[in-house]
Structure formats: structure tokens, C-alpha cells
Trainee: 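This is the structure I want to talk about, given as C-alpha cells.
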Amino acid sequence: MCETPSRERTLVSRPYDPHSFEEKWQAVWEAERLDAAVEDPDRPKKYVLEMFPYPSGDIHMGHVRNYSIGDVVARYFRMRGYSVLHPIGWDAFGLPAENAAIKSQTHPATWTYGNIERQAASFRRMGFSYDWDRTVRSCDVDYYRWGQWIFLKFWERGLVERKKSAVNWCPGCKTVLANEQVIGDGVCWRCKSVVEKRELEQWYFKITEYAQELLDDLETLPGWPDRVKTMQANWIGRSEGAEVDFTVCDAAGEPTEQTITVFTTRPDTLFGCSFFLLAPEHPLVREFTAGTAYAAAVQEVVQAASRETAVSRTSGEAEKLGAFTGRYVINPVNGEKVPVWVSNYVLMEYGTGAVMAVPCGDERDFEFARKYGLPIPPVVVADDDPLLGELQGVAERIMTDVPWTEAYDGPGVMVQSGAFTGLRGGKASEGMRAVTEWLAARGQGRFAVNYRLRDWLISRQRYWGNPIPVIHCPECGLVPVPEADLPVVLPMDVDITKGETLADHPEFYNTTCPRCGGAARRETDTMDTFTCSSWYYFRYCDAQNSSAIFDTAKVAYWMPVDQYIGGIEHAILHLLYSRFFTKVFRDMGLADFSEPFTNLLTQGMVKKDGETMSKSKGNVVAPEEMVARFGADALRVYILFMAPPDKDLDWSQEGLEGIYRFLGRLWRYVTEVAEQEDAATGDEGATALRRERHRVVGKVTEDIERFQFNTALSAMMELLNAANDYHRTAAPDVRDTALEREVAETLTLLIAPYAPHMAEELWREVLGHRASVHREPWPSWDPALAQAEEVEYAVQVNGKVRGRVSVPADADSATVEAAARADERVAEHLAGREVTKVVIVPGKLVSFVVR
RNA sequence: GCCCGGGUGGCGGAACAGGCAGACGCGCCGGUCUCAAAAACCGGUGGCCGAAAGGCCGUGCGGGUUCGAUCCCCGCCCCGGGCACCA
């Protein structure tokens, strides 16, 4: 701001016309490499990142919002003197490319790269300040080869597994899905088809090995929204309890050597176990019932369960079905024989697929017991339950049913529980610990923790993805591709329009075993695209490295990401997978931190008339059209002004026009001030304007720091309004033109992160500076100058505002009170009454309590 | 059912820490300029009563704490999201 404005400006006052300069500056900035990230050990760094976009081609308002937020943050930090990394790239593998290819008879690569070009052009047109040299595209072999390398490293660490189990099959995408990718009422996250269950052999990453750490470390993320952390914690679903071993009896009812282990969170209720359940898919079901009189009824339950899976879960609870297997197991705490049933409400996927049923304490067991007439002996009774009078201190079982209409799972007194009778029962109770310790001492049980989180199924039966680098050898079994043989290149000559995948491509899958040299077959599944997006932010730190995944020193400089911005829809999916990858990278020595994203901002959706914009609804507002009419700056400012970033935003054309007018007013003010002759200095109004200038700079700074871009912009509007009022009302011979110029420059600097093109045009062409506004330091402010010398106090009498008085800012409370009492209206309300209390809030208000 | 958010003028939203509710913008109304309109600029704009001064009411509903509650507590209603037979 100390530069001498150049006097040979040719541009005289002209109206705001964004089209005359926006693209000009975009070209200049790129030529000047204004936004290149530079590792500077002498400066603090900020890594600002928005979520990896899928190259769908057209940009939509959601993109505009996501990337505008990130751009303001990146530009602001640059002006604050940080070394900033703000990269972009494309999550370029995935199914839509295949679908589009089939539809338009083109290759997925053609479609994808074409879309990337179009989208990059749109991003450039929006003026987003990326370091384009760091662009990564996940379908480039230079990128995905490192994804294969990661697979091999995970393999070495025992984090890769191939196993057969019931998996989610999406009939729409014709591939399997990970659990996280089945959302809502059992539908595919991408195409919303109802997902089916299939028994298949698939590849997994063992994310469950990190379940505890993924849960615990949520507490190290104060910069994440609680909502996201809660969702992840629920997804991981840790429960504490015990494993209990039940001895299996043979068909004749005699004990055998065999045991079945169950997981329970309530070992204190073991004395209330009146039956035992197996999941329909449990392998023992067949063993127990084959050839017996029970087989038919049991088979009916098994069949019914296999029909209902996945689909019938959609609404409410499924009907509980069960059948007795004819077998018994022995309850280790009391030696009692308990009948084994099969029921559809027991899940094979959770715990051991077997459950001890305690109907008095578990609602599902209660319902089942009532339906099939099984006993419900009470064992944990609430302190105010009338039953307690009868059962308190009774160790033997004297009661096998309860007068209840539902199970009781709260805390209470243990009854009918042998040696444990009288202890406190309930979740995390002394009774639970005592029973578990007793079992552990006999080797019939132990403390245990269970998670809802399942291993991550990463194989996909699709073409357009990263090939899994494994070879199936008939002699050696599963053999990983040697590191030296990477990359396994995705062949381009697959005829996708015929629906071919790698499994239809003998030139790809016919190979030799790297171990024995014999004929072998390549794995033809590709990896889940979420594996690509789980580490791209590492690659940005060293995007062009051809000899290693990245230089760890560069990662140490830039990572972790200081501010991550993206949609809430990835609360579990991408954000959980990325946390997992980061922890494994740390254990591999590639990173010295445990969490990739220090601060997370989840932005809201952009809607139209309360509905999500979609082509099928025909309510899409195209960003390109708005840019063509109002310019990129107006669109950026509008979308940041209309709502706080984490809330949904409803599109309003009038709102955008209002912002365009605001930018026009700002433009006019700065151009008028820039052109006026220097004149007199100072009058009463100048002091107020100067104060407003300092107040607003402070306010805008605070607001950006807490992502309140809407109120930051409001404050700028306030300053502009004040500046315009002054400009209009102050007499020309006393108007402080130096101050006006300072205000004009301040406003230009403050708006620069939001409206970068206009700010640059004003700064360089109108205000006459040589260097870019985006290289200027952020304006400073003096809180003392922002302070008014007079402060207005509201005066309340019995809680109602009865007057306002102005007093000097440094007045003591006695002075303030006296001024308040002196106010005419206040005096009226105080007249003839007794003041019992006076409260003075400095700088704000005086409150009289009267009787 | 459980767990998170949220409910403020005609609309989007503001009030950061219990202290003047409605900043800023949109819309609307009135005015200036114009032959006229648009644009631009200026002024007004929570509701009710009142000529005005002023008064009363008002942040989903009902209670409570407090000199004072959009904010804290208790009990509800509605909207959005997540999870949902997880033993």
C-alpha cells in the first residue's frame, strides 16, 4: 500500500464488467505461477484441500461451493504469509466411465480424459488457485502403479486377505461392494440398486486390525464436526463384554468335548439363559439336524432367512422365526442344559454367529421366548420392581416367568444367580466383571471386545480400475506380483462396449508364475476406487516422483492436511478409509503422524426450491451459465454469502443479482476514489469511517478463521456502506481523501480471496500497483482504533429497555449509572419506586430492578 | 426405537461468552432521475394499538432458573440426517 500509484493510468471510470478482465487475469496468474506451492522451511505451511472430484464432466453448484470455500481459505492463508499447498486432481477410475462408454461407444479412457479437460477448464474459469503442476489423475499409470505398490506392502504386513463369505452384490453395478458402500435401506451408494447377498471369494484389506485405533483417535480430532465423529464411532461399533464357552451335547444329550463360544455384553445375566440360538447360516445347524426329526422345521427357517436377507430389512423389524434343533448345550455357570434353536434374528456376520438368549434382559430374546413359549426367568431386577420383594437374596431359581410386557436391560439387583446373587447387574456392572472373572478362572470364558466394523472388501469385477497385482498359480497358490514387475498395466484394448472385463482378456490374464515359472493366471478383479482416494493427498506433496510413492521429507513438510473440505456423504466411506491408510503408512515409516486431516469442514448441499438439483428433476442451475452472465467472482461471492458453509443453501437468482450489484457498488467506489484529486484531511466523519475500517478488518479476519464467510462479506458490505455515506455526505473541501484511498485499498484486499479477479483488476489497473493483490499481506488493524470514544448503553428497568445513553468509553460504573438515571424516560420509570438492584454490563447495558 | 443436527420477519440469514433480537442481503413500499420504463441512487420495512410520543406482543409449544433467556435446565411438537434384530 506504500507504492506510488502510477499516474499514467489510461482507464477512466468505467462500469464493472467482469468479462473484460476475468480471463485475462487467469492467464496472467498461470504465466506468473502465482499459485505454485513452495516448500519454504522459514515459513509456516498450510495444506488446504478439497475432496478429490470424480470427473463427471460438467461442474455443478456443489463443486462451485466446495472449491470456492477451499479457494478462499487458501488465498487467505497466502496473504497471511503461509506457504500454501492447494492442489487438485481427479478420482478418475470408476463405473460411470464404463457406463458412459457402453452408451456412447467410446473407450472409458477417452471419456474420462475428455471430462477431465472440460472440468479443469471450468475450474480455471472459476479462478481457483491451484498448483496445476501437482495434478494427479488416478487412472494414470504413474499414479495407479503406486496403488499396486501399496497393495503389495499391505500384503507384506498381513493386511491383505482373500476369503469366502457372504458379500454385498450390486446387480446394477454388477460387482461386489464393501459394507460401507451399502447405504440407507440396503442400497448401493452409487446406483441405489437394492443390494443382494452372495457367497463369494473376495479380496479384503484388514481395516479391523485398526478398529480400536480408528475409534480412539477420533478424540484427537477436535477440528472435526462431532456429527462425523459420532457416525464413525457408531460405524466401528465397539462393544465390551465376554466370550462364554458352552459345551455341546450329543444327540443323546450327553456332554461332548466340543464347545460353542458366544459373545455377550451381559455376562451378568448368564443365569437367565433359557435357550441358545444359532444363525441360520451357522455350519453346526446342518450337523445338528441332518437326518433328524427336526431337520424339516429347521430347514424352513433357514430357507426363509435366505430369502429375506438384505431386501426385507428395508422397513422395520422382520418377523422372528425359529425352530428347535433337537440339541442342547450346557451353561457353564450352572451346568444347566439349554435347548439350541435356530433363528433368523441371529447374524452370522457378527460375533460368532451364536447367541445365549436371556429373555428377561434382551428385548429380542423376550419377544422370541413369548412367541415360542420358552421360560423367562428373571435375573436382574430393577430396584423399584415389585418382584424384588419376592426374589431379593434368592440364589436358587424359583421363578421361570415374569409379569412384564418387555425385557428389562437397565441396572438392578442380581437374583436367582447362585453365588452372584445380590451383586449389582447391568452394563459395565460389578456382576458382569465377577461372572467373567469366575468363567476366566475356569477357562470357560474371558473378557472380550467386539466391533461392528468389518474388513474392507476391495475387489471389484470391473474393468475401469486399478488391477490387483496378484497371480493365481496352480502350484504356488496366490503369488503377489514382484515389486520389480510393477506396474500391472490396465490394457486399453478391452471392448467395453461389449461389457468385457479383464476376465475376458486372455492376453492380460495368461501369464507365468513369478515363483515357479509355470503357467498361471492373473487376478482379473480391479481395486475399489476408494483405494485410489485413500492416499492421493500424500501424492500431492510430491506428485511427479517417478522413483517412489513420494519423498517422505516432502510429506513431513506438508502433511497433515490443515484444512479438508468436502461433502458429508463421505463421513464414513472415504474419511474412514483414508484414516486407515494413514495409520498403515505411519506403521510403514512413510509418515510420522496418525491422522491425515487435522480440520474438517463438511459443506452443505446446494438446492433449488428445497430439492437437490438433478437432471431428472430438471432444476439444475448450470454454473457456466451464471459465469457467462455475472462472472466467476459474483458466483463465488454469492455462494459464500448465502449461508454458512456447513448448511444447505437454496439457490436464489435474485440473491446472485444482489451480489452482482454489491460488486458493482464496490467497483464504483474504488474507481471513484482512485481518480479523485488529493484534498483536505479530516473531519468528524473521517474518525467514524477510520474506526469502521479497523473494526471491519478485525471482524472479517475473525470470521474467515471460523469459516463464517457470509458474515465476513456482510462486514465488508457494512464498510462499503459507511464509506459511501462518507463520500456522499462529507463536504468536498474537508473530505479525507487519503483515508478514502486507504479504505478503498482495504476493501480490495479483503475481497481478494472471494472475488480474486475484480480485486486484481482494481489493485493493478485502477489503484495502480505493480504486483498482484494476491501477493499482498493481509491488512492489519488496530483494536484501539476500532474502539469508539463514546459507547451507547441500553438502559433496562425491570428487564425492559426504556432508554439509551451515550457515555465516554472509559467511564466508570458510577458515571454510567448516573447517565442512565438522567435519561428522561428512564427517570419516569424509576420515579416513585425503590431501586433494589443495579446491574452494569461494561460497554453494553444498565439494568435497574425496581419495586 | 436409538444417536446427532435444526426450528428466529414475506425469504436467505445475524446475534462469537446469558446482556439492545432481526446485522447484511433479497423481496416489497415510497421517492429522485426520465416523455416513459429499465438501470442506478436515496429513504422506509417484525406484528398489533396509536396522529404522534409511546405502549403491548414477539426467536416451534408449555414450564423453570435469572435483574435479564434465541442462548441454560425440565417436559413436549415438528423438520432434516445417521444407525437400526450388532447379542
Side-chain angles (χ1 to χ4, degrees), chain A residues 15 183-185 225-235 237-239 241 262-266 269 277 313 315-320 343-347 349-358 361-365 367-368 409 450-453 568-569 571-572 610 638 641-644 646-659 661-662 664-665 668 699 702-703 705-706 708 710-718 720-721 724-725 728 792-804 825 828 835-850:
Chain A
I183 57 165
D185 297 331
D226 289 339
R227 188 155 68 119
V228 174
K229 289 189 280 188
T230 307
M231 282 167 75
Q232 289 213 357
N234 289 342
W235 186 260
R238 180 195 153 98
S239 36
V262 297
F263 174 75
T264 176
T265 55
R266 294 293 304 278
T269 63
L277 293 161
R313 291 264 166 85
S315 62
E317 288 183 12
E319 168 83 12
K320 287 179 178 51
S343 178
N344 58 342
Y345 77 88
V346 179
L347 307 173
E349 305 92 77
Y350 186 79
T352 60
V355 170
M356 63 175 228
V358 182
D362 182 283
E363 193 50 42
R364 296 155 300 176
D365 298 343
E367 200 185 306
F368 191 86
D409 64 1
N450 237 284
Y451 300 91
R452 208 185 75 111
L453 181 70
I568 187 78
E569 67 272 18
I572 293 168
Y638 163 75
F641 177 72
M642 280 302 276
D646 55 330
K647 287 181 73 176
D648 285 353
L649 178 156
D650 207 78
W651 180 264
S652 148
Q653 188 71 28
E654 293 78 18
L656 176 58
E657 287 163 15
I659 288 299
R661 284 199 292 272
F662 159 65
R665 283 197 298 277
R668 190 157 47 84
K699 166 87 175 146
E702 280 171 26
D703 284 354
E705 300 270 354
R706 61 191 181 108
Q708 293 281 331
N710 53 336
T711 51
L713 285 160
S714 294
M716 289 180 228
M717 290 171 183
E718 284 167 351
L720 177 63
N721 291 346
N724 266 328
D725 286 348
R728 193 161 39 81
E792 192 179 72
Y793 279 75
V795 186
Q796 294 184 343
V797 179
N798 281 353
K800 284 182 198 269
V801 177
R802 297 300 182 182
R804 293 165 214 281
R825 270 175 65 212
E828 271 172 40
V835 175
T836 55
K837 193 171 178 181
V838 181
V839 180
I840 297 175
V841 183
K844 302 260 184 187
L845 120 172
V846 182
S847 180
F848 292 104
V849 187
V850 302

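Here is the naming used below: chain letters follow the sequence lines, and residue numbers restart at 1 for every chain.
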Trainee: Taking only the P atom of each, what is the distance from A52(B) to C67(B) in whole angstrom?
Mentor: 37 Å

Trainee: When the P atoms of G10(B) and C2(B) are considered, how many whole Å apart are they?
Mentor: 35 Å

Trainee: Centre of Y345(A)'s six-membered ring, under 6.0 Å away, within 45 degrees of the axis: is that where NZ or CZ of K320(A) sits?
Mentor: yes

Trainee: When you compare A15(B) with G80(B), how far apart are their C1' atoms, in angstrom units rounded to a whole number?
Mentor: 24 Å

Trainee: Which is true for K699(A) with a 4.0 Å heavy-atom rule: it touches a base, it touches only sugar-phosphate, or it touches nothing?
Mentor: base

Trainee: Below 4.0 angstrom from OP1 or OP2 of C42(B), is there any side-chain N or O of R728(A)?
Mentor: yes

Trainee: Taking the same atom, P, in C72(B) and in C79(B), what whole-Å distance lies between them?
Mentor: 23 Å

Trainee: So, is Q708(A) close to the A14(B) phosphate, meaning a side-chain N or O under 4.0 Å from OP1 or OP2?
Mentor: yes

Trainee: Provide the distance between the two C1' atoms, one in C71(B) and one in G6(B), to the nearest whole Å.
Mentor: 14 Å

Trainee: For G658(A), answer base if it contacts any base atom (sugar-phosphate contacts may also be present), sugar-phosphate if it contacts only those atoms, and nothing otherwise; contact means non-hydrogen atoms under 4.0 Å.
Mentor: sugar-phosphate

Trainee: C83(B), OP1 or OP2 - any side-chain N/O from R452(A) closer than 4.0 Å?
Mentor: no

Trainee: Can you see if the side chain of K800(A) gets near the phosphate of C57(B) - specifically, an N or O under 4.0 Å from OP1 or OP2?
Mentor: yes

Trainee: Of T264(A) and G799(A), whose closest RNA chain B nucleotide lies nearer the 5' terminus?
Mentor: G799(A)

Trainee: According to a strict under-4.0 Å criterion, is R802(A) in side-chain N/O contact with OP1 or OP2 of C56(B)?
Mentor: yes

Trainee: Think K837(A) has a side-chain N or O under 4.0 angstrom from the OP1 or OP2 of C67(B)?
Mentor: yes

Trainee: Phosphate oxygens OP1/OP2 of C26(B): is one of them under 4.0 Å from a side-chain N or O of R661(A)?
Mentor: yes

Trainee: So what does Q796(A) hit on the nucleic acid, given a heavy-atom distance under 4.0 Å: a base, only sugar-phosphate, or nothing?
Mentor: base

Trainee: By the 4.0 Å heavy-atom rule, please label R706(A) as base, sugar-phosphate, or nothing.
Mentor: base

Trainee: Using a 3.5 Å cut-off on both pairing distances, which stems of three or more Watson-Crick or G-U pairs include RNA chain B?
Mentor: B:1-7 with B:77-83, B:10-12 with B:24-26, B:27-32 with B:40-45, B:46-49 with B:54-57, B:60-64 with B:72-76

Trainee: Regarding S239(A), tell me which of base, sugar-phosphate or nothing describes its non-hydrogen contacts under 4.0 Å with the strands shown.
Mentor: sugar-phosphate

Trainee: Does N721(A) put a side-chain nitrogen or oxygen below 4.0 Å from OP1 or OP2 of G25(B)?
Mentor: yes

Trainee: Could you work out the separation of A21(B) and U8(B) based on their C1' atoms and round it to a whole Å?
Mentor: 8 Å

Trainee: Collect all protein-nucleotide pairs involving nucleotides 1-3 of chain B in which both atoms are nitrogen or oxygen and the distance is under 3.5 Å.
Mentor:
none

Trainee: Can you tell me the distance, in whole Å, between the CE atom of M716(A) and the P atom of A14(B)?
Mentor: 16 Å

Trainee: Write down the distance separating the C1' atoms in U66(B) and C29(B), rounded off to the nearest Å.
Mentor: 41 Å

Trainee: When all nucleic acid strands are considered with a 4.0 Å heavy-atom cut-off, which category describes S847(A): base, sugar-phosphate, or nothing?
Mentor: base

Trainee: Check the distance between C83(B)'s P and I568(A)'s CD1 and give it to me in whole angstrom.
Mentor: 11 Å

Trainee: Which part of the nucleic acid, if any, lies within reach of V346(A) when heavy atoms closer than 4.0 Å are counted: base, sugar-phosphate only, or nothing?
Mentor: base

Trainee: Taking 4.0 Å as the cut-off, does a side-chain nitrogen or oxygen of R668(A) come that near to OP1 or OP2 on C41(B)?
Mentor: yes

Trainee: Taking the P atom of each, how far is U45(B) from A53(B), in whole Å?
Mentor: 12 Å

Trainee: Is the distance from OP1 or OP2 of A14(B) to the nearest side-chain N or O of N710(A) less than 4.0 Å?
Mentor: yes

Trainee: Have a look at G9(B) and give me syn or anti from its glycosidic angle (syn if within 90° of zero).
Mentor: syn

